[in-house]
2 protein chains.
Amino acid sequence: MEKHTLDDIARITGYSKTTVSRVLNGKAASARISKQAVEKIMKVSKDTGYQLNSVAQMLRSKVSKTIGLVVPYISNPFFANLASTVITNARQAGYIVTLIDTMENPEAERQALNTMVARSVDGIIVVPCGDDPATIASLCKRVPLILIDRYYPEADIPYVSTDNYDGGYRAMQLLLESGHNRVLCIKGPDVSVTSNERVRGCHDAIARSGNNCRLSVVGNDFSVQNGYIETQLAIGAKQPPTAIFALSSTILLGVLKALNEHKLNIPDDVSVISFDDNTYLDYLNPPVTRIKQPVTDIAETAINLLLQAIAKKEQLQANICMAPSIVLRNSIKHLH
Amino acid sequence: MEKHTLDDIARITGYSKTTVSRVLNGKAASARISKQAVEKIMKVSKDTGYQLNSVAQMLRSKVSKTIGLVVPYISNPFFANLASTVITNARQAGYIVTLIDTMENPEAERQALNTMVARSVDGIIVVPCGDDPATIASLCKRVPLILIDRYYPEADIPYVSTDNYDGGYRAMQLLLESGHNRVLCIKGPDVSVTSNERVRGCHDAIARSGNNCRLSVVGNDFSVQNGYIETQLAIGAKQPPTAIFALSSTILLGVLKALNEHKLNIPDDVSVISFDDNTYLDYLNPPVTRIKQPVTDIAETAINLLLQAIAKKEQLQANICMAPSIVLRNSIKHLH
DNA sequence: TAATTTTGCGCAAACGATTGCGCTAATTAA
DNA sequence: TTAATTAGCGCAATCGTTTGCGCAAAATTA
């Protein structure tokens, strides 16, 4: 079980490493290798436990069979799910995934991308952080690259994401249909495209409904704290909201905490709807209605497009927003 | 921004690639390279955007600066957290992480390990699945390898895990102190060492307390379903448990679902304690008391031991069980 | 001035695989 | 019998680094 090389197998079998290489790569037929040779080489390489050295192979063939995946926080279940799908699909196509966690640090992201290129990954999938698409934009001319979840509308970088506008629109529609006319929407960072799209969807839903619903959009972070603070502020006001739309499941947790502290009941005292799907949302009291992003579809679409681009060596082109779905539970009260 | 090699830089600067390599590796001093040369080479390599080819470097130096991480399911938050810590710590030490998700499939695990070796990773961290340590045991003689979370007590493979016995013991202690004497413990698979250790801790806690508490240990899977079914069965019995100990947070969700369906209140009707920490457990109604595994410590210890072993090129030796902590909430009723 | 040391750098052989081209012997065709 | 074809395989270059060894020129010492 020591380490063997092609030369070793060649020496043992008496054939050249050329022949050995060809046999081991399944090119025996096209290279007209005799049956004897194939058998002997196969046998010896089994017996010796020969293992291909992928590194040498990469150097020579310029193909690493590796996908680079760059995410802001792998500990975030949303990104973990994305990663899971990417890894699984990549593996089925014979690719392995190298993962870097940027922790929302743009500088770390730049380094990560450099590392990926230095290791000559065949393609890169990024959930970008920061608001400067420059590095990525220039990189995506040199190596197949695709963004997921987050993207830069003004830059020409392929992406697959949720149709956040639609998600915001439909969530708001749900609230309007139930007669809510004072809605608090707690959003993410100002620079977040996904957050802003959701908000835009809300506004349009109201406008198109002809309803006189008052929507107040507050907050600036996808965090528990932000959800907590904004909820505290809102329920202290003279005219508290009848419904709260949390733009992420972390924000939702903050909302819940504040409501619990004030002994406010969902949905009797205030209705709640959230973005992002999580199993535990069904085990809250009551289960929370939410907009579910098509995580698996997004990841699958992205990795498949990427693998295609790698295979065909052609420029990747994609501006895809996939529709979310509604997970209907019991957190929205119907106001007559 | 094209691809340049050492030769290119050598040609442009007029120095040999030997000198260029030395300068770029910070060996200018020890190789007595002149200041001029260093400056010129540095400048040119900046200007041309020269990027080292890690693959060639790996081939030559036999060092890949890569850690292989093999987990059963990266979408499981527990493993995602482990991965997060491993990735972050590895990166600080200049290592990158290649991740394979085995989906609890031992054959996939074997392949994964082969792939890792072929790519000459410098070290491997595995959360093993299946009950056959043979592959891993033989592998760990050839490359630094360490198990986390799960391990094989009888095999001589280094590991870092939770002190599951202690966790089970203390959870049970908590229930005993509150006067519970009919406890339902819903466990994981029969072959799971972690599950079994937790159960053993429970039994010992009762034995050592001199209490006549009746512990009934049921179930065979770390799944929501298992938790649900076993809870259904138990609360239908003539003598339902006064407390339920869920040996994982997935099992807990099943427990909650069953209790909700029967309108049973926590902790008034039945007390609950669980293994595994999750943010959302604090947002349940009521927040659930739980045994928190020292995930970060485990991962940090493991990666550091691994990096040490890699650096010192010495055999890794570790049988470490780290104590869990108790996150005390309001899900256990004190029975007078 | 001659001998020694130091400075500054390059040659060329690895690392382990892949592959275009070519070569010999055997077979077939003419 | 000779020419053409085919079968079966190997040579050697290549991928882009790293590094042991050595060598000439400059600086120092004797």
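Below, chains carry the letters A, B, ... as their sequence lines are ordered, and counting in each starts from 1.
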Quick one: bend of the helix from C/dT1-D/dA30 to C/dA30-D/dT1 from 5 pairs per end, to 10°?
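End-to-end axis angle for the helix from C/dT1-D/dA30 to C/dA30-D/dT1: 50°, rounded to 10°.
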Rounded to whole Å, how long is the line connecting atom NZ of B/Lys40 with atom C1' of C/dG8?
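From B/Lys40 NZ to C/dG8 C1': 15 Å.
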Spacing between B/Leu24 atom CG and C/dC9 atom C1', to the nearest angstrom
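Atom CG in B/Leu24 sits about 16 Å away from atom C1' in C/dC9.
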Over 12 non-hydrogen atoms of neighbours within 6.0 angstrom of CD in A/Gln36:
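No - once you tally the heavy atoms of other residues, nucleotides and ligands closer than 6.0 Å, there are 12 at most.
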Under 3.5 Å, is there a donor-acceptor pair between the [X] and [Y] side chains?
X	Y	result
B/Gln293	B/Thr162	yes
A/Arg119	B/Ser64	no
B/Thr66	B/Thr98	no

For DNA chain D, determine which residues of residues 30-37 of chain A have any heavy atom closer than 4.0 angstrom to one of its atoms, and list them numerically.
A/Ala31, A/Arg32, A/Ile33, A/Ser34, A/Ala37
For [X] against [Y], the heavy-atom pair lying closest together:
X	Y	value
A/Asp101	A/Pro72	OD1-O, 2.7 Å
B/Ala10	B/Lys17	CB-N, 3.6 Å
A/Ala80	B/Ile74	CB-O, 3.7 Å
A/Tyr152	A/Gly130	OH-O, 3.1 Å

Of A/Val55 and A/Thr19, the one whose closest DNA chain C nucleotide lies more 5'
A/Val55
Using a cut-off of less than 4.0 Å, is there contact between a side-chain N or O of B/Ser16 and OP1 or OP2 of C/dC9?
no
B/Asp7/B/Arg11 ion pair, N-O < 4.0 Å
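No.
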Of the options A/Val121, A/Val127, A/Ile125, A/Val126, which is the one that meets A/Leu69 in a side chain to side chain contact (heavy atoms under 4.5 Å, CB included)?
A/Ile125
Please list, for nucleotides 16-18 of chain D, all pairs of protein and nucleotide N/O atoms separated by less than 3.5 Å.
{"unit_1": "D/dG16", "atom_1": "OP1", "unit_2": "A/Lys62", "atom_2": "NZ", "d": "3.2"}
{"unit_1": "D/dT17", "atom_1": "OP1", "unit_2": "B/Tyr50", "atom_2": "OH", "d": "2.6"}
{"unit_1": "D/dT17", "atom_1": "OP1", "unit_2": "B/Asn53", "atom_2": "N", "d": "3.4"}
{"unit_1": "D/dT17", "atom_1": "OP2", "unit_2": "B/Leu6", "atom_2": "N", "d": "2.5"}
{"unit_1": "D/dT17", "atom_1": "O5'", "unit_2": "B/Tyr50", "atom_2": "OH", "d": "3.2"}
{"unit_1": "D/dT17", "atom_1": "O4", "unit_2": "B/Lys17", "atom_2": "NZ", "d": "3.1"}
{"unit_1": "D/dT18", "atom_1": "OP1", "unit_2": "B/Asn25", "atom_2": "ND2", "d": "3.4"}
{"unit_1": "D/dT18", "atom_1": "OP1", "unit_2": "B/Gln57", "atom_2": "NE2", "d": "2.8"}
{"unit_1": "D/dT18", "atom_1": "OP2", "unit_2": "B/Ser21", "atom_2": "OG", "d": "2.7"}
{"unit_1": "D/dT18", "atom_1": "OP2", "unit_2": "B/Asn25", "atom_2": "ND2", "d": "3.1"}
{"unit_1": "D/dT18", "atom_1": "O2", "unit_2": "B/Arg60", "atom_2": "NE", "d": "3.4"}
{"unit_1": "D/dT18", "atom_1": "O2", "unit_2": "B/Arg60", "atom_2": "NH1", "d": "2.2"}
{"unit_1": "D/dT18", "atom_1": "O2", "unit_2": "B/Arg60", "atom_2": "NH2", "d": "3.4"}

